[in-house]
Amino acid sequence: MEWKEKIARAASYLLECVTMRPTIAMVLGSGLGDFADTLEEAVRIPFSQIPNFPIPTVSGHAGALVFGKKQGREVVVLQGRIHFYEGLPQNEITLPIRVLAAIGVKTLILTNAAGGVNTGFTPGDLMLISDHINYSFSNPLIGPNLDAFGPRFPDATDIYTAELRDEIRTAAQKAGIPLREGVYMMFSGPSYETPAEIRMARVLGADAVGMSTVPEALVAAHCGLRIVGISCITNMAAGVLPRKLDHREVMETAARVHDVFQSLLDVVLTVV
Ligand code: HPA
């Protein structure tokens, strides 16, 4: 089956399942998935029911699309995502983003857990992504271009819309939510980076590192969505502190900042 047809089938399935027509979508990262539980009038559709949707395999990633209302606005939440390190090509793991665009989404809020490279950061900090470095050695737009979605050579100068960032910064400040801002660098994972790789990342201009978000942002930018990126700094990256990295720390920090993270998402929803 052609990509266009795969996307169209998934989109028409969703349009039959739900009456809501949200223009805002969110992708919730590791340990951050339960924002979906705060939606009103929620309709939950497991990825496994949606034709052609890839299925996540990592714990902390439930794998469902949740439609619902927040502050009176319709949103659709991708609870759990598929990572490049799970083994599928980037054009496959990002299929859900194109499906969201096909059902009418215009703004995408991407969240993730990330390691702090900037030594001024502390675990628990929230960072607005200003730009990214794609160090995954792949690109989700490799292959035939889907002309119906966007151009062969899409611009990437303002992926994380500067105008939205200005508004979010101001709104977060008003709400008393401390917010960092910086460059997110994607490594493929699943092994964490080495201390030498983190020193390299710092020299190259990264403030945080992670294993997601970049493929989704590139596909979303290709199809003209407005993008907001938020990293939860769950740990300091390898070698910054004299200790080893552990996925448990990622989940524990995500749980610890749960409330302020939810408040930030609420604030973001007021401006997008
Ligand atoms: N590196 C890569 N991905 C991550 C990290 C990290 O330190 N923390 C959470 N996700």
Side-chain angles (χ1 to χ4, degrees), residues 26-35 56-63 78-88 90 93-94 109-138 140 160 179-218 228-258 260-262 264-265:
M26 287 188 192
V27 179
L28 299 176
S30 294
L32 307 169
D34 68 359
F35 185 77
T57 60
V58 191
S59 80
H61 289 265
L78 258 147
Q79 194 178 30
R81 57 153 59 92
I82 297 86
H83 294 83
F84 184 40
Y85 60 70
E86 290 174 66
L88 295 174
Q90 291 192 1
I93 60 172
T94 52
I109 301 163
L110 295 168
T111 70
N112 59 50
V117 173
N118 185 325
T119 52
F121 289 1
T122 310
D125 283 353
L126 301 176
M127 183 190 90
L128 198 53
I129 300 175
S130 57
D131 201 351
H132 74 223
I133 299 172
N134 182 2
Y135 202 70
S136 70
F137 298 101
S138 189
Y160 304 89
L179 194 54
R180 308 283 197 169
E181 194 160 343
V183 173
Y184 176 89
M185 184 167 182
M186 180 192 174
F187 283 76
S188 74
S191 50
Y192 286 114
E193 302 73 29
T194 64
E197 285 166 345
I198 294 305
R199 288 195 297 276
M200 173 194 73
R202 192 175 298 117
V203 169
L204 295 182
D207 295 291
V209 289
M211 307 175 190
S212 68
T213 302
V214 167
E216 294 144 351
L218 288 170
V228 174
I230 300 168
S231 292
C232 172
I233 307 297
T234 51
N235 56 284
M236 293 314 290
V240 176
L241 301 175
R243 58 187 160 109
K244 295 189 174 184
L245 267 55
D246 187 330
H247 184 60
R248 261 176 310 185
E249 184 185 1
V250 172
M251 301 307 277
E252 279 165 17
T253 308
R256 177 164 63 77
V257 301
H258 175 272
V260 58
F261 185 76
Q262 310 280 315
L264 179 61
L265 288 183

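One-based numbering, in listed order, for ligands and for the atoms of each.
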Which ligand 1 atoms, with their elements, are less than 4.0 angstrom from a heavy-atom of Ala114? 5 (C), 8 (N), 9 (C), 10 (N)

Any side-chain heavy atom of Met211 sitting closer than 4.5 Å to one from Tyr192? yes

Donor-acceptor check, side chain of Asp131 to backbone of Val183, threshold 3.5 angstrom: yes or no? no

Hey, is ligand 1 close enough to Asn235 that some N/O pair sits below 3.5 Å? yes

What protein heavy atom sits nearest atom 5 (C) of ligand 1, and how far off is it? Gly115 N, 3.4 Å

Side chains of Leu204 and Met185, heavy atoms from C-beta outward: is any pair under 4.5 Å? yes

Going by heavy-atom distance to atom 9 (C) of ligand 1, choose the closest among Leu245, Asp246, Thr234, Val209. Thr234

Beyond-backbone contact of Met186 with Pro215, side-chain heavy atoms, under 4.5 angstrom: yes

Determine whether the side chain, the backbone, both or neither of Ala238 has a heavy atom under 4.0 Å from any heavy atom of ligand 1. neither

Which residue and atom name correspond to the protein heavy atom nearest atom 3 (N) of ligand 1, and how close is it? Gly210 CA, 3.4 Å

Using a strict 4.0 Å cut-off to heavy atoms of Val250, name the atoms of ligand 1 that fall inside it. 8 (N), 9 (C)

Give the residue, atom name and distance (to 0.1 Å) of the protein heavy atom nearest atom 2 (C) of ligand 1. Glu193 OE2, 3.2 Å

Ile233 side chain near Arg180 side chain, heavy-atom distance below 4.5 Å: no

Minimum heavy-atom separation for Phe121 and Glu181, please, with both atom names. CZ-O, 4.4 Å

the protein heavy atom lying closest to atom 10 (N) of ligand 1 turns out to be Ala113 O, 3.3 Å

Measure across Met236 and Leu245 and return the closest heavy-atom pair with its distance rounded to 0.1 Å. O-CD1, 3.9 Å

